[in-house]
Amino acid sequence: MTVLCEDTNFSSERLLGLYRDMLRIRRVEERLAKDSRAGNLPGPVHLYIGQEAVAVGVCANLTDDDWITSTHRGHGHFLAKGGAADLLMAEVYGRETGICRGHGGSMHVADFSKGIIGANGIVGAGISIATGAAWAAQLEKKGAVSIAFFGDGAANQGVLAEALNVATLWKLPVIFVCENNGFSEFSPSNTVTAGNIVDRAKPYGTAHESVDGNDIVAVAQTASRAIRRARNGDGPTLIEARTYRLHGHVEGEQTFLGAEYRLEQEVSDWRDRDPIPALASRMIDAGQAAREDFEHIEAEITEEVARAVKFAEDSPFPDPDAQTANFMFA
Amino acid sequence: MTVLCEDTNFSSERLLGLYRDMLRIRRVEERLAKDSRAGNLPGPVHLYIGQEAVAVGVCANLTDDDWITSTHRGHGHFLAKGGAADLLMAEVYGRETGICRGHGGSMHVADFSKGIIGANGIVGAGISIATGAAWAAQLEKKGAVSIAFFGDGAANQGVLAEALNVATLWKLPVIFVCENNGFSEFSPSNTVTAGNIVDRAKPYGTAHESVDGNDIVAVAQTASRAIRRARNGDGPTLIEARTYRLHGHVEGEQTFLGAEYRLEQEVSDWRDRDPIPALASRMIDAGQAAREDFEHIEAEITEEVARAVKFAEDSPFPDPDAQTANFMFA
Amino acid sequence: MSKKRMIHAINDTLDSEMAKDPSIVLFGEDVEISLFGDTRGLKEKYGGERVRNMPISETVMTGMAVGAAAVGQKVICHMMFGNFMYTGFDSIANQASKLRYMTAGQISLPIVYMGVFGGGRSSAAQHSDAMHPIFMNLGGLKVVLPATPADAAGLLRTAIHDPNPVIFLQAAGRGGEMGEVPDGDFAIELGKATKVHEGDDVTLVAIGAMVRPALKAAQLLAAEGIGVDLIDPRSLVPLDTDAIFRSVRKTGRLIVVDEARDMCSAASHISALCADQCFEALKAPIRRLTVPDVAIPYSPTLEKAILPNEGSITNAVRTLLRKKSLAVEV
Amino acid sequence: MSKKRMIHAINDTLDSEMAKDPSIVLFGEDVEISLFGDTRGLKEKYGGERVRNMPISETVMTGMAVGAAAVGQKVICHMMFGNFMYTGFDSIANQASKLRYMTAGQISLPIVYMGVFGGGRSSAAQHSDAMHPIFMNLGGLKVVLPATPADAAGLLRTAIHDPNPVIFLQAAGRGGEMGEVPDGDFAIELGKATKVHEGDDVTLVAIGAMVRPALKAAQLLAAEGIGVDLIDPRSLVPLDTDAIFRSVRKTGRLIVVDEARDMCSAASHISALCADQCFEALKAPIRRLTVPDVAIPYSPTLEKAILPNEGSITNAVRTLLRKKSLAVEV
Ligand SMILES: Cc1ncc(C[n+]2csc(CCOP(=O)(O)OP(=O)(O)O)c2C)c(N)n1
Ligand SMILES: Cc1ncc(C[n+]2csc(CCOP(=O)(O)OP(=O)(O)O)c2C)c(N)n1
Ligand SMILES: [Mg+2]
Ligand SMILES: [Mg+2]
């Protein structure tokens with residue numbers, strides 16, 4: 001019997017914590033998938049299911065004083081960074097009690113009190129925002145870092161090149177985390193993305209690492225190295241995490257897309273590499289946890305999600321008379 | 001006695017032609033520098049003096065059916081690609097007879113009949129336009145290529161990364177020619193540009209070459225290889241040509257800048273490497289030309305410039321009543 | 001005549017024009033599979049060189065359209081959501097809108113920038129702007145907003161062959177709407193308004209998605225004995241001022257219904273035109289029904305409240321007509 | 001009081017505010033040496049972390065401003081020419097203008113985007129737009145256009161500390177203009193117009209660079225016995241509608257002078273507001289003096305002809321007042 005990971009940072013307790021954080025994302029989003037199918041959600045949702053190890057692995061190294069920017073597929077980052085499930089759920093339901101009081105919705109969930117600058121409906125936009133937050137962190141000299149999560153599709157936005165250049169020159173404490181899930185919307189990556197994304201750091205002399213994005217321990221370790229460099233003033237890192245989204249680009253896409261754009265075999269291969277059961281098996285195999293530990297967590301999360309749903313369902317929709325233009329200017 | 005260049009493409013006659021083309025740019029712009037000092041020009045001018053070998057060396061491989069896009073420092077590209085000195089001069093003077101009938105000015109000289117899509121006041125903008133023209137060339141299947149000239153400063157615009165990616169994926173017949181003159185406006189390149197620009201092609205798997213931009217033969221050969229690849233359907237190339245502008249960023253900058261931003265020594269070192277006398281000496285040393293050849297060319301160019309100036313000076317300013325909104329829509 | 005959805009009317013028009021004119025090319029993100037369905041099936045018919053998926057790279061994309069059009073292609077540049085035109089804004093605002101004028105008409109630029117615009121579906125702030133006023137202000141761009149499937153087909157056909165850049169905005173809420181579309185290749189001239197409802201008491205000018213609620217309002221008001229002259233301009237550049245002025249001079253009253261934010265909206269401009277040109281015919285203040293100057297909120301209650309609708313339109317008409325004295329309101 | 005150029009008034013204001021408030025940071029291309037002089041000397045005083053040269057990367061730049069401001073800095077983002085705001089448009093239009101609203105007021109975004117705008121100096125199409133209407137239409141942005149050195153100082157001081165994004169546009173032709181500036185830290189509230197000239201016959205609202213020719217026109221007309229009430233709104237968002245309405249209700253006549261292109265200009269919007277709110281006071285059509293809907297031409301004869309000036313303003317006033325009958329003009 002060997003421990004799963006020799007890195008002493010990964011105690012059983014910590015690993016179970018990571019498991020819990022991944023499962024929370026999974027169960028919240030499974031509920032949203034169901035809601036979407038049932039027509040309960042006002043707008044579109046892009047689910048993170050299958051990619052949980054990236055957000056959780058990276059955010060495991062962060063505190064509320066660190067900043068993240070996220071994407072249209074942002075629920076996972078929100079929850080992993082400490083955002084509350086009930087506030088998320090109420091937001092996606094469009095309710096007054098949502099984290100943005102219903103003004104933002106799924107693509108704009110943000111909680112500045114937790115360092116969550118927010119999801120973003122513009123592909124690639126979080127990259128520049130995180131770079132700016134990193135400049136602020138550098139000026140404040142408290143060792144905070146800033147993380148930009150973005151997809152492989154977003155890596156084709158020129159803003160990434162601009163950000164790598166300026167962040168490297170200024171040694172900004174920013175980590176660019178590219179979640180390469182193999183698709184840029186409905187286009188397979190290799191049809192729209194030349195070369196390897198991680199290599200895009202090289203011409204600038206930016207630190208870079210590539211990692212299995214479905215291996216939470218590997219992600220956490222890679223991120224930890226990058227974050228340490230950033231906190232030490234050694235500048236940015238580009239991390240490419242290879243992963244897969246087990247759901248579609250957007251929930252309900254089957255109803256309006258004319259064609260299938262991915263192979264069943266591919267989906268099922270990746271389902272076999274689902275990061276959540278993978279961590280559980282590895283822990284059990286290594287004797288670091290028992291099946292009941294996971295059942296216990298499952299039960300807790302089930303309850304948490306049920307509470308969040310009830311909270312959202314019981315909340316009123318925002319009253320337009322009270323709201324319009326309220327938040328236009330500070 | 002050895003010939004200057006073993007490449008049989010470089011006969012004495014051709015080399016003298018390249019010399020003439022460089023000298024034309026030089027003398028036209030020296031006149032514009034004088035005009036600028038004298039307050040004769042309506043708007044600002046950014047001179048190409050010192051960089052002539054790049055435009056001439058590249059354009060030596062092109063025909064009127066090929067396309068170029070240029071920059072704010074665009075007179076050299078215009079003339080090298082076959083634009084007429086008198087039409088350029090009249091345009092910069094703001095006259096009705098200018099190539100854009102006074103509507104464009106120095107930063108917008110364009111002559112579509114010569115394949116000159118035009119100078120551009122937006123740094124980096126020509127990159128995407130050339131990429132689009134290359135797509136058209138690919139569709140038309142006549143072997144035309146498209147060249148984007150841009151500066152080292154422009155290389156920090158994200159559009160370069162976007163263009164490298166798409167042009168490589170689509171195998172577009174476009175050559176990205178970065179004229180690295182060491183300055184991005186008034187900022188030394190190394191303060192705003194991380195790494196080597198030529199390396200920015202690598203992550204996409206784009207062909208790339210770096211060349212001494214003051215050596216016209218080297219430029220012409222490098223461009224020739226890239227253009228051959230493009231015409232053969234083998235896709236784009238990024239060329240980095242190292243050069244220097246012997247004048248300032250914009251004529252007259254001394255009068256409004258508070259400080260010097262480059263060393264006299266640096267300027268004089270580069271003056272010693274001026275591509276125009278360099279070619280003359282090399283040809284004379286190799287016995288490929290005699291001093292009188294150059295004197296002859298000098299005399300011809302002097303006359304051509306004088307004619308161009310007279311043409312411009314004798315031309316009326318455009319009549320606003322006849323013009324306004326004339327060119328708004330086709 | 002056959003009944004179809006607007007999105008299918010667009011798809012059919014693209015298909016029939018591409019079949020006839022090989023110089024028409026179309027590109028954009030996922031245009032092959034087609035998120036909305038408007039470009040579906042075209043790649044299969046016209047091949048991968050003429051119908052091409054782009055990487056997520058709006059900056060290079062809008063500029064490629066300029067380059068390809070400048071050298072002879074008719075380009076359809078599919079931007080998906082109008083808000084992504086902001087991402088690729090430079091080449092629309094600084095290039096496409098200006099290049100013909102700057103070069104004194106050396107070229108035409110047959111580009112259609114297509115996108116979905118406007119609110120109503122909880123797509124939230126970054127997918128719901130009504131950005132036509134911004135493009136109207138740039139000059140050099142035509143701006144088209146069809147309200148029915150037939151108009152979408154007829155206007156798009158004209159737009160594709162127009163030698164100028166056209167912003168073609170399809171209302172988010174209208175794509176799925178059914179309507180009769182004439183068979184065959186029918187085209188509608190840009191700059192020709194339609195009279196959607198006839199009446200003598202008040203002129204309503206309604207734009208894009210606002211035409212439908214305005215028509216319902218007009219029908220309702222007709223039953224109350226109030227005669228509404230309802231005009232759909234269909235294109236905002238060029239704008240059929242004749243039709244609008246004629247109506248306002250008849251009714252003496254004008255309300256403009258526009259889904260744009262209020263400040264510098266199309267409603268502002270049409271109001272201003274009439275306050276200048278129809279002054280002596282006016283019997284009442286000119287009113288605008290627009291969106292408040294905020295981002296579009298996600299929650300349906302909030303979004304519904306800020307968009308003009310049948311109720312707010314009928315109210316506005318009734319209020320305007322009830323005004324016995326024209327007392328100043330503040 | 002001391003007499004200074006507008007550019008020095010801006011420089012002094014930046015200096016005094018940065019001295020007092022260490023959370024103010026400033027960045028942009030060549031802000032260290034400073035092309036215009038407005039940021040000169042600040043790096044030497046406040047260090048390279050707070051005053052930073054950017055690479056030519058407007059896309060990341062505007063977004064970095066959002067990120068840094070969202071997490072607590074007061075950011076001055078120097079865009080050089082207003083046209084380059086188009087290059088970095090996405091983060092202004094999709095992020096800065098919306099982020100506070102989308103997050104239901106979780107944050108403030110103290111950013112000043114500075115730039116030079118407008119024509120008059122043969123800077124040609126890509127350096128001469130008057131783009132304030134575009135920013136007005138985006139919502140969520142304040143828009144400030146000082147006409148004198150004193151206003152530049154007082155408004156900029158307020159803008160820097162305003163918790164919202166402010167577009168601060170300095171007229172290209174005005175930077176070198178002298179004017180008395182009060183000593184000390186004087187601030188001018190945004191949304192407060194000034195009455196530049198008093199009169200009873202016609203209201204002129206003039207914006208930015210148009211204030212000076214409008215004042216000259218007012219003085220000239222005063223000598224002819226025509227009383228011009230000349231209002232400079234100074235900020236367009238917020239707009240001092242009270243001051244404008246009060247004047248229009250007094251004079252019954254309005255001409256708006258705006259250097260923007262006509263369609264959806266600030267002139268359109270102010271006209272529309274008055275056609276709605278001051279209707280019963282109006283004695284004559286509302287006129288706009290704006291720029292035709294074309295790119296700004298280079299040649300001085302062409303440029304001069306399209307910009308409103310003293311002559312066209314006096315003519316417009318005389319024509320409006322001469323109208324005995326209010327016959328319809330087309
Ligand atoms: C600027 C912009 N362009 C296009 C889109 C439409 N869009 C939304 S998500 C998406 C694909 C993003 O791919 P990737 O970055 O790989 O993220 P993933 O969806 O795979 O997580 C696209 C094209 C957008 N939202 N913003
Ligand atoms: C989008 C944009 N940003 C900034 C500028 C201002 N500007 C004009 S030239 C220049 C420097 C360009 O440097 P480089 O690309 O190296 O060309 P060079 O001047 O050295 O030939 C800058 C910053 C501009 N014209 N356009
Ligand atoms: Mg992806
Ligand atoms: Mg340079």
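In what follows, chains carry the letters A, B, and so on, assigned in the order in which the sequence lines appear, proteins first and then strands, with residues in each chain numbered from 1. Worth knowing before you read on, the calculation uses all heavy atoms, side chains too, and leaves out hydrogens, waters and symmetry mates.
- Rounding to the nearest 0.5 angstrom, the gap separating the CZ atom in D:R40 from the CZ atom in B:F256 is 8.0 Å.
- Contacts of B:S187 with chain D are made by both backbone and side-chain atoms, with heavy-atom separations under 4.5 Å.
- Counting heavy atoms from C-beta on, the side chains of D:I33 and B:L257 come closer than 4.5 Å.
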Given the rule in the side-chain contact (heavy atoms from CB on, under 4.5 Å) test, do B:M328 and D:D293 qualify, once you have shown the distances and angles that lead to the verdict?
-> CA-CA 8 Å; B:M328 180 175 174; D:D293 296 299; 3.6 Å; yes

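- Separating the OG atom in D:S34 from the CZ atom in B:F186 is a distance of 9.5 Å, to the nearest 0.5 Å.
- Side-chain contact between B:F317 and D:L302 is absent, with no heavy atoms from C-beta onward closer than 4.5 Å.
- Not a single donor-acceptor pair under 3.5 Å links the side chain of D:T301 to the backbone N or O of B:D319.
- With chain D as the partner, the residue from B:T191, B:V159, B:N120 showing the most heavy-atom pairs under 4.5 Å is B:N120.
- One finds the OG1 atom of D:T59 at 6.5 Å from the CD atom of B:Q157 (value rounded to the nearest 0.5 Å).
- Distance check, rounded to the nearest 0.5 Å: CD of B:E185 to CG of D:D30 gives 4.5 Å.
- When each of D:G37, D:A124, D:P55 is scored by its heavy-atom pairs under 4.5 Å with chain B, the top score falls to D:P55.
- Summarising the geometry of B:V192 relative to D:M54, their closest heavy-atom pair is CG1-O, 3.8 Å, with the distance given to 0.1 Å.
- Once rounded to the nearest 0.5 Å, the distance linking OH of D:Y298 with CD of B:E91 reads 7.5 Å.
- The candidate with the highest count of non-hydrogen atom pairs below 4.5 Å against chain D, out of B:P42, B:G151, B:G94, is B:P42.
- Here the shortest heavy-atom pairing between D:A305 and B:P320 reads CB-CB, 3.2 Å.
- Residues B:I122 and D:F84 form a side-chain contact, since some pair of their non-hydrogen atoms from C-beta on lies under 4.5 Å apart.
- Taking CD of D:Q126 as the reference point, atom NE2 of B:H72 lies at 12.0 Å (rounded to 0.5 Å).
- Heavy-atom distances place no part of B:V45 under 4.5 Å from chain D, backbone and side chain included.
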